[in-house]
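First comes the structure, then the notes that go with it.
We use all heavy atoms of the structure for the numbers below, so side chains are in, but hydrogens, waters and symmetry mates are not. Being a predicted model, the structure only gives us computed values, none of them experimental.
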Amino acid sequence: MDKHFETEAIRTQIERSQFLEHSSPLYLTSSYVFEDAEDMRASFAEEKERNIYSRYSNPNTSEFIDKICKMEGAEDGFAFATGMSAVFSTFAALLNAGDHIVSSRSVFGTTHGLFTKFLPKWNISTSYFDINNLDAIEDLIQPSTKILYAESPTNPAVDILDLERLGNLAKKHNILLVIDNCFATPYLQNPIKFGADLVIHSATKLIDGQGRVLGGVTVGSKDLIKEIYLFSRNTGPALSPFNAWVLSKSLETLAVRVDRHCENALQVASFLESHPKVNLVKYPFLKSHPQYEIAKKQMKKGGNIVAFEVEGGIENGRSFLNKIKMASLSANLGDTKTIVTHPASTTHSKLTEVDRLEVGITDGLVRVSVGLENVEDIINDLKQALD
Ligand SMILES: *Cc1c(COP(=O)(O)O)cnc(C)c1O
């Protein structure tokens, strides 16, 4: 990155057209024209870098990718229609039948579903480690292991994994470390610095940050991205130019938005910690967080997700949600609007209680995605529901 984060986020843009537009235009075009037969031949032979067809590349998706690469300190990237298509295409591009993944047990529910229900169709298997026992990782690594996979902070329990330790383990065993950096955003945490080979984002969350569009992106070394690009160019999960244009604009305000999200979240977490009906609060930048020191080492701020446990288990968890007046009950996170969910009765209701507890989801656990409303209003809403 030549300039500071905020400057690159604002000043990285497509070369101006003859109209000298200030803001990047939206290029809604499915294909591009060639000068002559030789230009067409050379373009298809990949002798020059240029747009051919928007399943491969488009100026708006390229601008979005450039920005994320600068923010993450990556050489190259590819942008996807959703976070899940980024996750799936990354695995599908890099793995062969018979390969093995070692993953944190605490991963996004749909990613877990991909590991358990779909990748086994191609004989790709996954072993899981507990986030509290990284020592167990080495015992899980087999000769066929190609990828070490994790998220930090985790969803919904907001646990922190030591990225540097994961990076060292991956290097020692010559496997790829792939980190889903969605909860932290490129502003708060850059896993490549700690040894990650690839970083994935669901841009649907804080990168858009306004609950409008879906998107995903994978960034890393040129060599690995080339594999992911070739797979994606042939299978078609590309981000739409319109969504890329929206997301690229969103990145211009990522730093100021995430700063305020984090400020609000820390205040909400401190309030919850002082409330008598709350048993436990998990927020990475609260001193009481079990991995507070690691969070401080690898994150700039604590993020916008606060998890807490309401006294009285599943019934009180649900009744707390019913008493919420302003915050939304919704499946998304990382929106301007504060969102409250009760994982045990919704997103993780299909797990057994034992499996839920293994990933830190107690019956009374509530997840708050703290938004950008005035923090007093957010706290008052939570307070009246708790009282
Ligand atoms: C939401 C999410 C995804 C999936 O992203 P979509 O854009 O919904 O497909 C992947 N990982 C994490 C951590 C997420 O929160």
Side-chain angles (χ1 to χ4, degrees), residues 153-160 182-185 187-189 202 204-212 250 253-289 292 295 299-312 316-348 360-387:
T154 64
N155 176 37
V158 209
D159 288 308
I160 300 292
C182 172
F183 271 42
T185 80
Y187 177 59
L188 297 179
Q189 173 174 283
S202 164
T204 311
K205 312 295 167 53
L206 285 155
I207 288 180
D208 171 44
Q210 290 145 86
R212 301 165 299 184
S250 303
T253 57
L254 184 72
V256 282
R257 284 188 287 108
V258 173
D259 273 338
R260 180 61 71 86
H261 273 294
C262 294
E263 250 173 61
N264 285 358
L266 185 59
Q267 287 194 54
V268 165
S270 305
F271 156 74
L272 289 168
E273 213 168 33
S274 71
H275 198 284
K277 290 212 176 118
V278 174
N279 285 342
L280 169 82
V281 183
K282 292 269 283 295
Y283 183 70
F285 270 40
L286 277 186
K287 285 215 174 64
S288 57
H289 191 286
Y292 172 74
M299 296 175 76
K300 194 183 200 129
K301 294 185 178 178
N304 84 313
I305 308 292
V306 181
F308 67 98
E309 205 175 304
V310 186
E311 199 168 77
N316 277 0
R318 286 160 54 97
S319 96
F320 168 77
L321 251 66
N322 286 332
K323 296 210 162 71
I324 286 287
K325 290 204 173 104
M326 179 183 80
S328 318
L329 310 188
S330 170
N332 197 18
L333 61 94
D335 197 321
T336 52
K337 298 180 168 79
T338 296
I339 296 168
V340 184
T341 51
H342 180 237
S345 68
T346 58
T347 47
H348 293 72
I361 303 168
T362 52
D363 283 345
L365 188 85
V366 173
R367 185 191 77 188
V368 188
S369 166
V370 179
L372 299 180
E373 302 97 336
N374 185 293
V375 69
E376 280 181 28
D377 295 326
I378 300 172
I379 289 174
N380 284 338
D381 191 26
L382 297 173
K383 185 173 186 306
Q384 62 80 29
L386 282 167
D387 292 345

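- For the pairing with Arg367, the side-chain contact (heavy atoms from CB on, under 4.5 Å) check across Ile361, Thr346, Val158, Ile305 returns one residue only, Ile305.
- To the nearest 0.5 Å, the span separating CD1 on Ile379 from OG on Ser270 amounts to 8.0 Å.
- Note that the CG atom of Asn304 and the CG atom of Leu333 stand 7.0 Å from one another [nearest 0.5 Å].
- In terms of modelled atom types and a separation under 3.5 Å, the side chain of Asp381 and the main chain of Asp377 share no donor-acceptor contact.
- Annotation for Glu273 and Ser288: closest pair OE2-OG, 2.5 Å, computed over non-hydrogen atoms.
- Counting only distance, with no hydrogens or angles, the side chain of Gln384 and the backbone of Lys323 share a donor-acceptor pair below 3.5 Å.
- No side-chain heavy atom of Phe271 sits less than 4.5 Å from a side-chain heavy atom of Val375.
- With contacts defined as side-chain heavy-atom distances shorter than 4.5 Å, the pair Leu286/Val306 does not qualify.
- For the pair Tyr292 (side chain) and Tyr283 (backbone), a donor-acceptor distance under 3.5 Å is absent.
- When all heavy atoms of Gln189 and Ala184 are compared, the pair lying nearest together is CB-CB, 3.6 Å.
- Note that the CZ atom of Arg212 and the OG1 atom of Thr336 stand 9.0 Å from one another [nearest 0.5 Å].
- A pairwise comparison of heavy atoms in Pro284 and Pro153 identifies CG-CG, 4.5 Å as the closest pair.
- The heavy-atom pair separating Lys282 from Ala157 by the smallest distance is NZ-O, 3.1 Å.
- For the pair Val310/His342, no side-chain contact is recorded, criterion being any heavy-atom separation below 4.5 Å from C-beta on.
- Atom-to-atom distance recorded for Thr341:OG1 and Asn155:CG is 7.5 Å, nearest 0.5 angstrom.
- Side-chain contact between Leu365 and Pro156: present, with at least one pair of heavy atoms (C-beta onward) separated by less than 4.5 Å.
- Remark: Leu280 CG to Thr362 OG1 distance equals 7.0 Å, nearest 0.5 Å.
- When atom types are taken as modelled, the side chain of Lys205 and the backbone of Gly334 share no donor-acceptor pair closer than 3.5 angstrom.
- In this structure, CD1 on Ile324 lies 5.0 Å from CG on Leu382, to the nearest 0.5 angstrom.
- His275 pairs by the side chain to side chain donor-acceptor pair (under 3.5 Å) definition with Asp387, not counting sequence neighbours.
- The shortest non-hydrogen separation linking Phe320 to Leu386 is CE1-CG, 3.7 Å.
- Although no hydrogens or angles enter the test, the distance criterion places a donor-acceptor pair under 3.5 Å between the side chain of Thr154 and the main chain of Asp159.
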Which pairs of donor and acceptor atoms, one on a side chain in residues 255-269, lie under 3.5 Å apart (sequence neighbours left out)?
{"from": "Arg257", "atom 1": "NE", "to": "Thr253", "atom 2": "OG1", "distance (Å)": "3.0"}
{"from": "Arg257", "atom 1": "NH1", "to": "Leu206", "atom 2": "O", "distance (Å)": "2.9"}
{"from": "Arg257", "atom 1": "NH2", "to": "Ile207", "atom 2": "O", "distance (Å)": "3.1"}
{"from": "Arg257", "atom 1": "NH2", "to": "Ser250", "atom 2": "O", "distance (Å)": "2.9"}
{"from": "Asp259", "atom 1": "OD1", "to": "Tyr187", "atom 2": "OH", "distance (Å)": "2.9"}
{"from": "Asp259", "atom 1": "OD1", "to": "Lys301", "atom 2": "NZ", "distance (Å)": "2.7"}
{"from": "Asp259", "atom 1": "OD2", "to": "Tyr187", "atom 2": "OH", "distance (Å)": "3.0"}
{"from": "His261", "atom 1": "ND1", "to": "Val370", "atom 2": "O", "distance (Å)": "2.8"}
{"from": "Asn264", "atom 1": "ND2", "to": "Gly371", "atom 2": "O", "distance (Å)": "3.1"}
{"from": "Asn264", "atom 1": "ND2", "to": "Glu373", "atom 2": "O", "distance (Å)": "3.2"}

